[in-house]
Protein chains: 2
Amino acid sequence: MAEPDTHTAPIEQTAVRLDEVDRKILSLLQEDATLSLDQIAEQVGASKTPVWNRIRKLREAGVIRRQVTILDPDALGLEACFFVLIRTSEHDKDWAARFLRALRERPEVIEAHRLAGDIDYILKVQVKNARAYDRFYQSLISEVKIHNVTALLSMEEIKATTALPIPDGTR
Amino acid sequence: MAEPDTHTAPIEQTAVRLDEVDRKILSLLQEDATLSLDQIAEQVGASKTPVWNRIRKLREAGVIRRQVTILDPDALGLEACFFVLIRTSEHDKDWAARFLRALRERPEVIEAHRLAGDIDYILKVQVKNARAYDRFYQSLISEVKIHNVTALLSMEEIKATTALPIPDGTR
DNA sequence: TCTGAAATGTTTATGAC
DNA sequence: GTCATAAACATTTCAGA
C-alpha cells in the first residue's frame, strides 16, 4: 500500500493570510466535506470559479490538509477511551525514538503529544474495553521503559470535533 | 444556518457486525475520503455496486458518521495546544449543564470528556498562543466555578489521527 | 448476490466579459 | 472577480446474469 500515513509532512507551516470568504469556505468544509462547489458558492455568496480557485490555493498553501471519513467508535465496539499521562526517567534520543515508533505503530493510539512540565507525554487511546487497554499498556511497557503512568478513563464524551477555531482577520 | 453541530446524534450506538470487505472499505475511507468508488472497488477487489451498497449501509448503520476536511492548525496560526485537567467541587445538575454549554459554545475547545476518578474533566484546547489560552481560561472560570485547573502544554504533536482501529472479525 | 452500463450530477479547466 | 461552457470524472440507479 502507498502508506497513507497518519502523521503528515513535517513541513514547518507558517500562518497564512485569509480573508472573510476564505474563512467561510474553510468553516463550511471543516463541518462537511461533501458540500458541492455549488452549495459552497451559494453560501459564501460568490460563484463557482472563485470559490474553486480559493480552495485550490488553500490546499496548496497547506491550510487544507486532507479529507477523511469519521467513524463512530461505539458502532465499532470501541467503547473505552483513555487519556494516559506518562512520566519517564529516560530522556536520551534513542529511548525517545523507540517510544515514538511504539506509539505510531499502535493504531489504538489516536493522539500523542510531548508535553512541557513534569508530565512528559499524554496519549489518547481508544479501545474496546478495560481489558483491551490493559493489553495495550502491558505491551507498551514491555517495549519501552516508562517511569510512571496514570490512565484517565473517559465516562462521557462531552464534545469532540475536528473543526478548528478559524481566527478572525484582525491581526 | 441549519446548525451543523459538532456533537452529533445522541443515538445509543451498538456495535455492528462487519466482514473483511467492510473493514477494508472503512479503513480506506478513514484515511482518505476523496477516494472514488472505482478506486475503492479496485482495492477491495469488488465492483462498484456492491461497494456502494456497503457504504450506504454503513452510513445507515451509523458506522460512517460524516466526512470532514482537516485543516492545519499551524497554517491557521493556532500554534498552542493545551490539555486541561479540571477538578470541580460542584456536582449538581445545574452546574454541569452550564459547564457543558460553556464548553460547547467555545470553538477553541476541540475535545471534552467527563472522567472517572479524581480528575473530573479533561479538555483539549487549541489556541494561537499562551495569551489566548489565558483569555480562554479567564473567560471559562468567570462563567462557571471550577475548583482546580491544571494546564498541560503540548510541545510536539507526535501522532494525531482521526482513524480508529477497526477491530478484526474474531469475536 | 454480483456485473456492467445508462442517466445524472460534480469537478475541473478555459475562454469571454 | 463573474458567467457560461465543455470535457473528464464520479455517483447513483437499474436491468440482467
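Just so we're on the same page: letters track the sequence lines, and every chain starts at 1.
- Remark: the A:Ser139 side chain and the A:Arg106 side chain contain an N/O donor-acceptor pair separated by less than 3.5 Å.
- A:Ser36 comes within contact range of the sugar-phosphate backbone alone, with a heavy-atom separation under 4.0 Å but no base atom that close.
- The CG atom of B:Leu29 sits 14 Å away from the C1' atom of D:dA10 (whole-angstrom rounding).
- Between A:Asp32 atom CG and C:dT10 atom P there is a gap of 13 Å when expressed in whole angstrom units.
- Paired with A:Asp22 under the rule salt bridge (Lys or Arg N to Asp or Glu O under 4.0 Å), one option of A:Arg17, A:Arg59, A:Arg54, A:Lys57 passes, and it is A:Arg54.
- Here the P atom of nucleotide C:dT12 and the CG atom of A:Leu58 are 14 Å apart, to the nearest Å.
- Taking only side-chain atoms of B:Trp52, from C-beta outward, the nucleotide of C:dT1, C:dT12, D:dT11 with the closest atom is D:dT11.
- Taking atom CD of residue B:Gln67 and atom C1' of nucleotide C:dT10, one finds them 14 Å apart after rounding to whole Å.
- In this structure, CD1 of A:Ile40 is placed 19 Å from P of C:dG9, rounded to the nearest angstrom.
- If you check distances only, the side chain of A:Thr49 never reaches the base of D:dG1 with a donor-acceptor pair under 3.5 Å.
- Put simply, the side chain of B:Val109 reaches to within 4.5 Å of the side chain of A:Lys159, judged on heavy atoms.
- Both A:Leu35 and B:Asn53 lie close to DNA chain C; mapped to their nearest nucleotides by heavy-atom distance, the more 5′-ward contact belongs to B:Asn53.
- Distance NZ (B:Lys48) to P (D:dC14): 15 Å, rounded to an integer number of Å.
- Scanning all heavy atoms of the two residues, the minimum distance from B:Lys145 to B:Ser89 falls at NZ-OG, 4.4 Å.
- In this entry the distance linking CG of A:Asp38 with P of C:dT12 reads 13 Å, nearest Å.
- A straight line from CZ of B:Arg56 to P of C:dT1 spans 11 Å, rounded to a whole angstrom.
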